[in-house]
Every structure is written in C-alpha cells, then in structure tokens.
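In the text below, chain A, chain B and the rest are named by the order of the sequence lines, each starting its count at 1.
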Protein chains: 2
Amino acid sequence: MMKQRGQVVVDKILDTAERLFYLQGYSNTGINQVIEEADIAKASLYKHFETKADLLVAYVQRTHERWFSRLEATLNKVADPKDKLLALFDHHIERQEIRQYGGCPFIKANDEAGMSDSRVLAAIQQAKRHSKDLIKKLVAASGHKRILTDRELAEMIFIALEGAIAAASVFKGPAEIQTAKKIIQKLI
Amino acid sequence: MMKQRGQVVVDKILDTAERLFYLQGYSNTGINQVIEEADIAKASLYKHFETKADLLVAYVQRTHERWFSRLEATLNKVADPKDKLLALFDHHIERQEIRQYGGCPFIKANDEAGMSDSRVLAAIQQAKRHSKDLIKKLVAASGHKRILTDRELAEMIFIALEGAIAAASVFKGPAEIQTAKKIIQKLI
DNA sequence: CAATAAATAGACAAATCTGTCTATTTATTG
DNA sequence: CAATAAATAGACAGATTTGTCTATTTATTG
C-alpha cells in the first residue's frame, strides 16, 4: 500500500497539473500535455480523475493545502506578533519571485473557471476565507496601534495583499508588495 | 466613409469580443462564436484582425479607453477633492455589479495571456499605469490628513482597489470594495 | 452608370481537444 | 505461486479549434 521511492501516479499527475495550470492556464493546458510531462498513461489519469474539471478542482485544493503549510512554516519562525503581519508580505514577495510574478493561483483559477464551475469557485472561496481568518488571528494578537479597528486592519491587510500581488503580476516585480508592507508597517 | 446608422463591422466584432472575452475568457471563446454572435462573416473578421491574438490586443486597448472615459465622467460629477477619491470606490462597486463581479478585465487578460503575449502585457501595463497616475493626481489635490505621504496614499488606494475588486470577484459581492472605501476614508 | 471596395456564406484543411477503449505488462498481496 | 489490482501504450471517435479560400452579393464613390 505504501509507495516510498518513486511518486505514485496521482502525485505525478498533480505535480504536473500544478505546474502547467499555473504557468499556462487551465484552458491552455491539454490533457495530452499533462500525461506526457507527467510520464503516465492517459487511462491512468482518467482512472483517478473523471474529467479535466475534476483535475482542476483537485489542483485548487492541493494548492490551498500547500499554500497553508508553507505560510504556517514561515510564520512559525517569527516570534514578534507585529513582525508576523509583516512576514506575510515578505513571504509573498518570495513566493511571487519563485512564481515569476504570475499572480495568485486562486485568482487565476477564479478568473478562468470560477464563473462556470461552482466546485472550483467553492474551493477558491475556502482558500481565501482561510487566508482572511489567519490574518484576523494575527491582527488580534498583534497589539497594533489601533489607528484602525481589528476588523478593519485585518481586511486592509487581506485586501492589500491581494492587490499588491495582482499589481506585481502586471508589472513583473516586487515593488507593490514592498510598498504595501511599508504602509501596513505605519498602521500597526 | 462615415457609417452613421448601423454599426460598422469592426465595432460589431469588438462589442462581441468585449462581452465574450470578459464573460467566458479569451481561451474559452472561439472565433466561430464571435462571428456568429456578432453576425458577421469570418472573412470580415480576418480582414480586420490578422489573428485571434490581435483581436485580444484590440479588446484590451478598447477596454482601456472605455474604462477611462467612464471613470472621468464619474469624477467630473464630484466637486470635493476628497470625495473624488471615495468616488473611485463607488464607481467600481457599480461597475462590478454590472459585470456580475467578474473582476478586473485587465487582470483577467493578464492572467490568461500576459505571460505569453508581450503586446497584451504592454497594453495592460499601460492601463494600470494610467489608473495609478490618475489616483496620484487626485491624491495630490485632495488635501488629505497626511497620515501617509502622497505617494503612499496613492499606492495604497491603487493597491486597495485592485485587491478589493479581486476579493469581490471571489466572494461575488461588493463587501470588500465597501470596506476598502471606509478604511481609505479614515486615512484621508 | 461603372468601377472599386467591402462584406457575405460556407466549404475546407490541418491541428488539437477530451474522453473511451482494447490489449498488454507490471505490482501488489494473500 | 496465484490472483487481483494498477499502470501502460496507443489507436480511435467525435467534436472543436484557428485560419484560408472561393464565389457571390452588397455598398461606396468617382
């Protein structure tokens, strides 16, 4: 039952889908490219995922899980509660560097399929609610200046992160995320 | 030379492309659907646009022009300089209602084609720079509290608008745009 | 009116797409 | 080892994609 060395087929599929769906977009990525680059048989893919849309849903959920794990690991390394808020921005600067400023994978998936597939939309909303909740907890524990209320500051950080990542993906650089960080720093 | 009543072919194409590219996405919209719904011949489309990608570039540029006209008209109705800043948010709440919370058309186009087509990326960057410049001018004339510098406030408003529109398109409602407005109100 | 330009309908090519199916080989497990 | 499950390669169907081309009709303009 346990495959230790060598990925199991479903992981190879998801790894490849994750890379291609983000880089090229869902619609621009064909099943044939996925199975070729994942180096698996087509029948194997359709044994694990009934349709291409099912693979998209799985991709969003898996991206959500991995996003959360990585962010949690980053935040655990930061002690000061205000610094945790600022670490959010540094984390996303690093992530967007790695992602070559391709923007937020959830917003991308939402723009491509969120209006037509309700399961995709639901998975994306879950991820964004998760992000917002996490920020709310960090704000509550931060002991900030109270220029804004807890709720306002949390919403502002959430919205600023979203906007800064979107802007960074337009201008292909970290500038807006760094700017957002400095401004939030003034407000906490 | 002048066509007065009845749209010329190129306008019918662009109107249809505008609607379909935004609603369904560029990749999910076929040339055949465009010509059918625009009620024109395929040869006419390819006489005006060499490739589908050229139509996308034209779509982005036209969306940019129309976005600016509409926003300018809205702002001209507002006298108070601080109210102009707040009117940005109201304007986008209305626009996103009409657009059924489909998000920013430029970010959408960027997510779908910005990484692969440099002309699309350039057109999107122009639109976003235009938006940022407009906000900067409004901020400079606003006589705000100077909790933030002019540059910081302008960047914050730009980023907050981007983020709020993205969040609104995930949660399919105006909540985040309204919240962003209230927060900016506190800072000006 | 005559000449030129613009638009039309639609067939067509060539490639690509998702999804199905068969037949075979490789792993796993009792 | 024997039985079951999982993965493979690849042909195939049927639909759809972008873009080209021909032949015809409709507008425009000198």
Side-chain angles (χ1 to χ4, degrees), chain A residues 1-60 108-109 112-113 115-120, chain B residues 1-60 109 112-120:
Chain A
M1 195 177 244
M2 285 226 328
K3 301 277 166 84
Q4 291 212 326
R5 72 195 60 202
Q7 290 177 299
V8 292
V9 124
V10 70
D11 282 328
K12 289 207 279 186
I13 295 169
L14 284 170
D15 280 354
T16 307
E18 195 171 320
R19 182 169 53 81
L20 295 178
F21 285 177
Y22 182 75
L23 217 67
Q24 308 179 339
Y26 170 71
S27 300
N28 291 321
T29 302
I31 287 292
N32 291 321
Q33 192 187 2
V34 174
I35 64 160
E36 196 192 307
E37 297 197 19
D39 198 36
I40 54 115
K42 186 179 274 196
S44 301
L45 189 150
Y46 280 101
K47 183 150 289 183
H48 291 284
F49 303 96
E50 278 193 9
T51 66
K52 193 191 174 191
D54 287 314
L55 181 55
L56 177 61
V57 174
Y59 153 73
V60 173
K108 275 190 83 144
E112 243 188 315
M115 292 185 99
S116 53
D117 191 309
S118 64
R119 294 173 305 159
V120 176
Chain B
M1 195 178 243
M2 285 227 326
K3 301 277 168 84
Q4 291 212 327
R5 70 196 61 202
Q7 290 177 298
V8 293
V9 119
V10 70
D11 282 329
K12 290 208 278 185
I13 295 169
L14 284 171
D15 280 353
T16 307
E18 196 172 319
R19 182 169 52 81
L20 295 179
F21 285 178
Y22 183 75
L23 217 67
Q24 308 179 339
Y26 169 71
S27 300
N28 291 322
T29 301
I31 287 291
N32 291 321
Q33 192 187 2
V34 174
I35 64 160
E36 196 192 307
E37 298 197 18
D39 198 37
I40 55 114
K42 185 177 274 194
S44 302
L45 190 150
Y46 280 102
K47 184 151 288 185
H48 291 284
F49 303 97
E50 277 193 8
T51 66
K52 193 190 173 191
D54 287 314
L55 181 55
L56 177 61
V57 174
Y59 154 73
V60 172
E112 247 190 309
M115 290 185 98
S116 52
D117 191 308
S118 65
R119 293 173 305 157
V120 176

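- Residues forming a side-chain hydrogen bond (donor to acceptor under 3.5 Å, both in side chains) with A:Asn32 (at least two apart in sequence, or on another chain): A:Lys42.
- Between A:Tyr46 atom OH and C:dC17 atom P the separation is 11 Å, expressed in whole Å.
- The shortest heavy-atom contact between B:Ser44 and B:Ile13 is O-CD1, 4.4 Å.
- Of all heavy-atom pairs between A:Ser27 and B:Asn28, the closest is OG-OD1, 3.1 Å.
- Here B:Thr29 lies in heavy-atom contact (under 4.0 Å) with sugar-phosphate atoms only.
- For B:Glu36, the CD atom counts as loosely surrounded, since its 6.0 Å shell holds 12 or fewer non-hydrogen atoms of other residues, nucleotides or ligands.
- Distances shorter than 4.0 Å separate none of the side-chain N or O atoms of B:His48 from OP1 or OP2 on C:dA6.
- Considering all non-hydrogen atoms of both residues, A:Leu14 and A:Ala58 come closest at CD2-CB, 4.0 Å.
- Taking atom CZ of A:Phe49 as the reference point, atom C1' of C:dT18 lies 16 Å away to the nearest angstrom.
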Practice task
Can you check each nucleotide of nucleotides 8-15 of chain D against protein heavy atoms at under 4.0 Å and return B for base, S for sugar-phosphate only, - for none, in 5' to 3' order?
Solution key: BB------
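- Between the CD1 atom of B:Ile31 and the P atom of D:dT20 there is a distance of 11 Å, given to the nearest Å.
- Counting to the nearest Å, the C1' atom of D:dA6 and the CD atom of A:Gln7 are 17 Å from each other.
- For the pair A:Lys52 and A:Thr29, the tightest heavy-atom approach, listed with the atom from each and the gap, is NZ-O, 2.8 Å.
- The nearest whole Å value for the distance from the CD atom in B:Glu36 to the P atom in D:dT18 is 13 Å.
- Between the CD1 atom of B:Ile35 and the P atom of D:dT16 there is a distance of 14 Å, given to the nearest Å.
- Annotation for B:Lys12 and B:Ile40: closest pair CE-CG2, 3.7 Å, computed over non-hydrogen atoms.
- B:Asp11 has its CG atom 16 Å from the P atom of C:dA6, to the nearest Å.
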Problem - Dot-bracket encoding of pairs in DNA chain C, which uses [ ] for pseudoknotted crossings and | for another strand, Watson-Crick or G-U under 3.5 angstrom - result: ||.||||||||||||||||||||||||.||
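- Atom-to-atom, CG of B:Asn32 to P of D:dT16 comes out at 10 Å; the value is rounded to the nearest Å.
- At least one donor-acceptor pair under 3.5 Å links the side chain of A:Asp54 to the backbone N or O of A:Thr51.
- Under a 3.5 Å cut-off, the side chain of A:Tyr26 and the backbone N or O of A:Ala53 do form a donor-acceptor pair.
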